[in-house]
Amino acid sequence: MSVINHGGRGQQIDPDLLDFSANINPIGVPLELKRKISANLNQLIYYPDPDYCGLRKQIAAAYKLDFKNIWVGNGSVSLIYEAVRVLNVRTALVFAPTFGEYEAAMRKMEIDIRTFQLNKQQSFQYNADEIISYLKQNSDIDFVCLCNPNNPTGSMINTNAIRMIVNYCNANHIWLMLDEAFNDFLLEDRQTFSFEQDIRPQDKVIIIKSLTKFYAIPGIRLGIAVCPSADLVTRLKERMEPWSVNTFAALIDENIINDSDYKQATAEWLKTEKGYLERELSKIRDINFYSSQVNFYLLKSPRMDLAKKLMRRKVLVRDCSNFRMLDSSYIRIAVRSHRENEVLIKSLKQILESSL
Ligand SMILES: Cc1ncc(COP(=O)(O)O)c(C=O)c1O
């Protein structure tokens with residue numbers, strides 16, 4: 001049975017699969033966005049505004065930022081690839097384990113990659129002092145990618161600790177890319193961990209945000225870069241291909257981003273289902289899960305074939321063997337609807353209990 005390296009295509013491959021491999025909000029596309037897309041089908045014959053002024057103003061209003069500091073991309077991955085190019089990175093630091101596209105982007109540019117292994121015994125948590133002392137010892141590093149909350153571990157670093165790293169980076173000509181793709185799932189806590197309100201014009205920081213996961217739009221995708229200056233926005237814009245954000249994604253506005261009913265429904269679902277999953281996972285002797293405040297968990301079991309065995313029961317999870325430091329004894333599961341979560345728990349119990 002094949003291992004799927006990227007989540008998100010389960011149900012397209014087999015409609016009967018329950019897909020825990022992609023961390024997409026199961027509440028689905030916000031109703032107002034669906035309505036806007038239906039009402040704007042006639043716009044498909046036009047190119048979107050290549051400067052995306054309207055979209056950037058809406059995003060700026062939603063996140064209380066200046067639109068001059070915002071650029072947009074066809075998903076956040078396109079902005080990650082572009083940031084690496086625009087910033088002329090030579091030697092980069094990535095953490096392990098983390099989202100694989102940072103290294104993929106750098107390999108395309110033949111950038112020298114250093115890896116900082118997050119400590120397994122400390123549940124892969126970030127530690128600002130250790131990061132700064134690593135940077136001191138490796139003074140050729142000119143770019144750091146930090147995923148916060150981290151995919152797949154759920155590790156987080158708060159804005160005070162980020163400020164310490166940013167100050168070191170500013171003084172040492174290092175750019176810091178903060179990937180906040182999952183930050184919206186922190187809901188009320190998001191400001192404690194998002195650096196978007198703390199970024200200053202002199203900071204060497206680029207924040208990458210994604211609306212894909214929280215607003216359940218992997219079919220149209222929208223990525224946001226929050227830059228310290230309008231100058232970096234111009235450089236990104238000039239390097240990227242024009243019209244990279246499609247007409248439907250460009251319909252997203254402040255009301256959709258700040259839709260309080262949608263956020264409330266997400267908050268209720270997430271709280272209830274995280275409570276359920278954590279209670280049930282704790283009862284399974286051969287499963288350990290890493291603490292997470294977002295919509296996925298990294299799980300560890302003694303079995304190397306758990307993803308394959310789950311797949312035989314039509315439950316698709318993310319086999320983590322292609323993440324640095326991890327192997328097939330680690331899987332990542334998304335938090336899904338209650339019915340789906342029950343099937344996952346039942347399947348895990350059956351597989352692990354039958355192997356005793
Ligand atoms: C940490 C992280 N950042 C960015 C992305 C890419 O999201 P987008 O669809 O906005 O390109 C992903 C997708 O899995 C991710 O896990």
Side-chain angles (χ1 to χ4, degrees), residues 4-10 12 19-26 29 33 52 55 59 63 70-84 94-106 108 118 124 126 144-157 176-186 190 193-196 206-226 236 240-241 244-246 248-250 252 256-257 290 292-298 316-320 322-324 326 330-335:
I4 294 180
N5 291 334
H6 262 283
R9 297 212 54 237
Q12 281 164 300
D19 190 353
F20 288 83
S21 71
N23 306 320
I24 303 293
N25 189 344
V29 179
L33 179 57
Y52 296 102
L55 174 62
I59 292 168
Y63 288 100
I70 289 173
W71 186 241
V72 284
N74 179 27
S76 56
V77 161
S78 70
L79 295 164
I80 292 167
Y81 275 67
E82 221 50 60
V84 167
V94 291
F95 294 88
T98 197
F99 183 46
E101 291 300 326
Y102 313 132
E103 276 199 47
M106 287 166 197
K108 282 205 167 40
L118 295 167
F124 302 108
Y126 292 117
V144 180
C145 298
L146 198 155
C147 186
N148 185 36
N150 190 30
N151 171 10
T153 60
S155 328
M156 298 201 293
I157 180 162
L176 174 65
M177 183 173 74
L178 290 169
D179 182 348
E180 298 186 354
F182 290 98
N183 174 271
D184 283 331
F185 286 99
L186 298 175
R190 60 176 292 276
F193 299 94
S194 172
F195 204 65
E196 77 207 11
I206 177 165
I207 304 171
I208 304 289
K209 303 179 84 69
S210 170
L211 301 195
T212 306
K213 318 284 182 183
F214 189 82
Y215 297 95
I217 49 166
I220 55 174
R221 297 168 70 233
L222 183 60
I224 303 168
V226 182
L236 281 171
M240 284 172 81
E241 297 95 40
S244 73
V245 175
N246 66 79
F248 288 156
I252 291 174
I256 294 168
I257 297 174
Y290 290 84
S292 154
Q293 285 188 47
V294 285
N295 61 327
F296 57 82
Y297 289 93
L298 180 66
L316 176 63
V317 297
R318 178 70 157 79
D319 176 310
C320 288
N322 73 338
F323 283 97
R324 278 186 192 269
L326 306 184
Y330 290 87
I331 60 170
R332 191 194 65 206
I333 57 158
V335 181

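Atoms within a ligand are numbered from 1 in the order they appear, just like the ligands themselves. Here the structure is a predicted model, which means the values were calculated and not measured. The first residue of the sequence shown is numbered 1, and numbering continues consecutively from there.
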> Is the shortest heavy-atom distance from the side chain of M156 to the side chain of L186 under 4.5 Å?
Replying inline: yes
Result block: side-chain N/O donor-acceptor pairs under 3.5 angstrom for residues 216-224, not counting sequence neighbours:
residue, atom, partner, partner atom, Å
R221, NH1, N74, O, 3.3

>> Applying a heavy-atom cut-off of 4.0 Å, say which part of N151 lies close to ligand 1: side chain, backbone, both or neither.
In response: side chain
>> With heavy-atom distances below 4.0 Å as the criterion, list the atoms of ligand 1 near F182.
In response: 1 (C), 15 (C), 16 (O)
> CG of N183 to CD of Q293: how many Å apart, nearest 0.5 Å?
Replying inline: 11.0 Å
> By number and element, which atoms of ligand 1 are closer than 4.0 Å to a non-hydrogen atom of R221?
Replying inline: 8 (P), 9 (O), 11 (O)
>> Just to be sure I read this right, does ligand 1 sit under 4.0 Å from the backbone of K213, its side chain, both, or neither, counting only heavy atoms?
In response: side chain
> Yes or no on side-chain contact (heavy atoms from CB on, under 4.5 Å) for Y63 and I257, after CA distance, side-chain angles and deciding distance?
Replying inline: CA-CA 9 Å; Y63 288 100; I257 297 174; 4.0 Å; yes
> Which atoms of ligand 1 sit under 4.0 Å from any heavy atom of G75?
Replying inline: 8 (P), 10 (O), 11 (O)
>> Distance under 4.0 Å to a non-hydrogen atom of A181: what atoms of ligand 1 satisfy this?
In response: 2 (C), 3 (N), 4 (C)
> For ligand 1, which atoms sit closer than 4.0 Å to a heavy atom of T212?
Replying inline: 8 (P), 9 (O), 10 (O)
>> Under 4.0 Å, counting heavy atoms only: does C147 come that close to any atom of ligand 1?
In response: yes
> Considering residues at least two apart in sequence or located in another chain, which fulfil the ring-ring contact (aromatic ring centres under 6.0 Å, His included) criterion with Y330?
Replying inline: none
> Against heavy atoms of V77, which atoms of ligand 1 measure under 4.0 Å?
Replying inline: 6 (C), 11 (O)
> So, for V294 and F185, which heavy atoms are closest and what is the spacing to 0.1 Å?
Replying inline: CG1-CB, 3.9 Å
>> Counting only nitrogen or oxygen atoms and a 3.5 angstrom limit, does D179 reach ligand 1?
In response: yes
> Which atoms of ligand 1 are found less than 4.0 Å from any heavy atom of S210?
Replying inline: 7 (O), 8 (P), 10 (O)
> Between S76 and ligand 1, which part of the residue brings a heavy atom under 4.0 Å of the ligand: side chain, backbone, both or neither?
Replying inline: both
> Any idea which heavy atoms bring L79 and A225 closest together, and the distance?
Replying inline: CD1-N, 3.6 Å
> Testing K213, K209, R190 for side-chain contact (heavy atoms from CB on, under 4.5 Å) with F182, which one passes?
Replying inline: K213
